[in-house]
2 protein chains.
Amino acid sequence: MTLAILFGGSSYEHEISIVSAITLKKVLKRSSLLFIFVDSEREFYLIDGEKMTSKTFSSGDYKKGKKLTLEHGGFFAAGGLLGGRKPVAFDVLLNLIHGRDGEDGKIAGMMEFFGVPFIGPRIEASVLSYSKLNTKLLAHALGIKTLEYRLLQKGEERRVDLDFPLIVKPVHLGSSIGVSVVREASELDYALDVAFEFDEQVIVEPFVEGIVEYNLAGCKTSAWELSLVEEPQKEEFLDFDKKYRDFSRDSRVREAVIDAPLKEKLETAFKAIYDPLFLGSLIRCDFFVVESEVYLNEINPIPGSMANYLFEDFEGMLERLARALPKEKKIAIDYRYIHSIQSAKGKA
Amino acid sequence: MTLAILFGGSSYEHEISIVSAITLKKVLKRSSLLFIFVDSEREFYLIDGEKMTSKTFSSGDYKKGKKLTLEHGGFFAAGGLLGGRKPVAFDVLLNLIHGRDGEDGKIAGMMEFFGVPFIGPRIEASVLSYSKLNTKLLAHALGIKTLEYRLLQKGEERRVDLDFPLIVKPVHLGSSIGVSVVREASELDYALDVAFEFDEQVIVEPFVEGIVEYNLAGCKTSAWELSLVEEPQKEEFLDFDKKYRDFSRDSRVREAVIDAPLKEKLETAFKAIYDPLFLGSLIRCDFFVVESEVYLNEINPIPGSMANYLFEDFEGMLERLARALPKEKKIAIDYRYIHSIQSAKGKA
């Protein structure tokens, strides 16, 4: 299988997408890989596998790569006579753009429109997981608990009737950007200022000291393929630097010690979230557990380095997922109504 | 103002999008207009204003128009030396693709990605209004009532514990396609078969005989610009042929006779739905009223012929909306994290 890895993007997580892509190059040993980089101006560049180091991007050297256009059927490079264009050949594209562009539905929509088969969340799945508010609405509809919350809009009154400590999060960002823990009322305004730097909408939740978190990743190919359950490192919460290092993980983690009923609860919640909305993607769900009850914290529809470290046979699973992508419905357009109106008007 | 009207698309409403575009050509008298057609294969064509008749499309003559590509900054036509490309110049694009592609977030994502200013729902607004289920979740979060419903998935058990008569609708389509009224249990299976022809998910609601429906359209420019309230013609529900004719409306309708408190309820609900999610678009909300209570039926984020017939000064409003489009946040990418890691490793 030839896999095109699409990374970069106009996103606060641009750099960690580069780190994810470099990590996948290490992890995917038997696949033939292509690398397509989206720079901060949203131009596409084809990057040589040998050039896949962070310096290629930070130095601007990536601009020596071939510039690509996206057209019907895929990506094209300039070349050939009279401005001809040559298709860039691959079987499946992996959307590895974290944050804006990759997780907000733009890449999904473009790939669907131009007919490029891809691994990644579809538009609707993107929008429902990219927003922490929409995630709560989705969970509610599925009967899965989430923590209570208050939604604040930029420029409106900052009224929060929840007990401290609180956690303040921009609605639409990942990787803990703009997130603060607030221990007393005097700190709230500053935390909100920070969060509103990044988003028009901010969500405030109770911050539960010592809450237990479990991560579970997976996808549905011809069958369910779920990862082991990880209990991520207990820091207050991951700051951007730590998350950044987290995105370069390529060795397997130890399985969390949990009993069978809890494992089943986590897996049941995961499956309800995934199917059918996230078909075609490999996602990681982060859950809280409070008094044996499972709460959905967030859905990562493009987790850092695709959460490869949670799987026994990551590369095989990606191959199986590539063969199980949802197909877009073909709509036949026959101009039946226009013809019938033209007939009625005597024009046909 | 030069306005580019984007229409067609790979959608069951492809033909009514053509009718909408032809109608807007009649209605917009002082704007300079360009027409960009998306054919069933999703290729872009620039169409001469004089060729804007239904026959140009049903006959395939549109292929004589210039083929366009979408790249950073907008649309480009072949031309010039050595395969050079000339930009197609306009101020703002109007997304007039009804149904798939236009209303599901694809066009919004592509325009944002390639930096084209456009009138139309943004990705998140598209996904929340394109699905009748997501519309209900959104209304719920806003404290606006909707009719009760049951959601059915293709291939799963068809259990509906609601009283007849019922209305059966595909979750993701507009224009009454695949919609049936079901008066007794014996008719239900066939109605579901029809709806599942079009969608993987189907929603079933009570069909309320003689329910009163009101439509209200509008947008927010420098101020709120709301239409008159229309009570649409009382047919059982609009079938596709009637809707088709409906999309060519270009003369104003009579205002519904309602009292001030009800009008205010409708306008309050409209504003809560619109702001901030639908900023940049001109939408029409269809409400039911039962015992003076307002229920949201659906949100049309790209209404037929842009609901021009509901407005006093439609063309002026479009111009004001074009000047009030939401701006995408610029994200600066400085490779700070990669540089700091390189320094730590002694590579810088």
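Treat the numbers as computed from the prediction; the structure is a model and nothing was measured. In the text below, chain A, chain B and the rest are named by the order of the sequence lines, each starting its count at 1.
Residue B/Ile123 touches chain A through both its backbone and its side chain, counting heavy-atom pairs closer than 4.5 Å. For B/Ser131, the part lying under 4.5 angstrom from a heavy atom of chain A is the side chain only. Both the backbone and the side chain of A/Glu112 come within less than 4.5 Å of a heavy atom in chain B. A/Asp39 does not touch chain B: none of its heavy atoms, backbone or side chain, sits under 4.5 Å away. Of the atoms belonging to B/Ile107, it is side-chain heavy atoms, and not backbone ones, that fall under 4.5 Å from chain A. No part of A/Leu133 comes within reach of chain B, as not one of its non-hydrogen atoms sits under 4.5 angstrom from that chain. Using a 4.5 Å cut-off between heavy atoms, A/Phe198 touches chain B through its backbone atoms (N, CA, C, O) alone. Heavy atoms of A/Leu137 lying under 4.5 Å from chain B belong to its backbone as well as its side chain.
Contact record, A/Phe113 with B/Arg42: O-CD, 3.0 Å, taken as the closest heavy-atom pair. In plain terms, the two heavy atoms of B/His14 and A/Tyr335 that are nearest each other are NE2-OH, 2.7 Å.
Between chain A and the options B/Gly109, B/Ser58, B/Gly105, heavy-atom pairs under 4.5 Å are most frequent for B/Ser58. Heavy-atom pairs under 4.5 Å with chain B peak, among A/Arg100, A/Glu124, A/Glu41, A/Glu71, at A/Arg100. Counting heavy-atom pairs under 4.5 Å between each of B/Ile18, B/Leu151, B/Leu138, B/Val38 and chain A puts B/Ile18 at the top.
Rounded to the nearest 0.5 angstrom, A/Ile333 CD1 and B/Phe57 CZ are separated by 12.5 Å. Taking CD1 of B/Ile331 as the reference point, atom OG of A/Ser40 lies at 10.5 Å (rounded to 0.5 Å). Atom OG of B/Ser54 sits about 9.0 Å away from atom NE2 of A/His339, to the nearest 0.5 Å. Summarising the geometry, atom CG belonging to A/Asp104 is positioned 13.0 Å from atom CZ belonging to B/Arg122; distances are rounded to the nearest 0.5 Å.
The closest donor-acceptor contact from the side chain of B/Lys329 to the backbone of A/Asp199 lies at 3.5 Å or more, if one exists at all.
Counting heavy atoms from C-beta outward, B/Tyr337 and A/Val19 have side chains that stay 4.5 Å or more apart. Using a 4.5 Å heavy-atom threshold, the side chains of A/Pro276 and B/Glu200 count as separate. Under the 4.5 Å side-chain criterion, counting only non-hydrogen atoms from C-beta, B/Thr69 is not in contact with A/Thr69. Using a 4.5 Å cut-off on side-chain heavy atoms (C-beta onward), A/Leu128 and B/Leu128 make contact.
The environment of B/Lys154 atom NZ is dense: over 12 non-hydrogen atoms of other residues, nucleotides or ligands sit within 6.0 angstrom.
Classified by interplanar angle (parallel below 30°, tilted 30° to 60°, perpendicular above 60°), the ring pair A/Phe44/B/Phe114 is perpendicular. Note: A/His140 and B/His140 have parallel aromatic rings, judged against thresholds of 30 and 60 degrees for the angle between ring planes.
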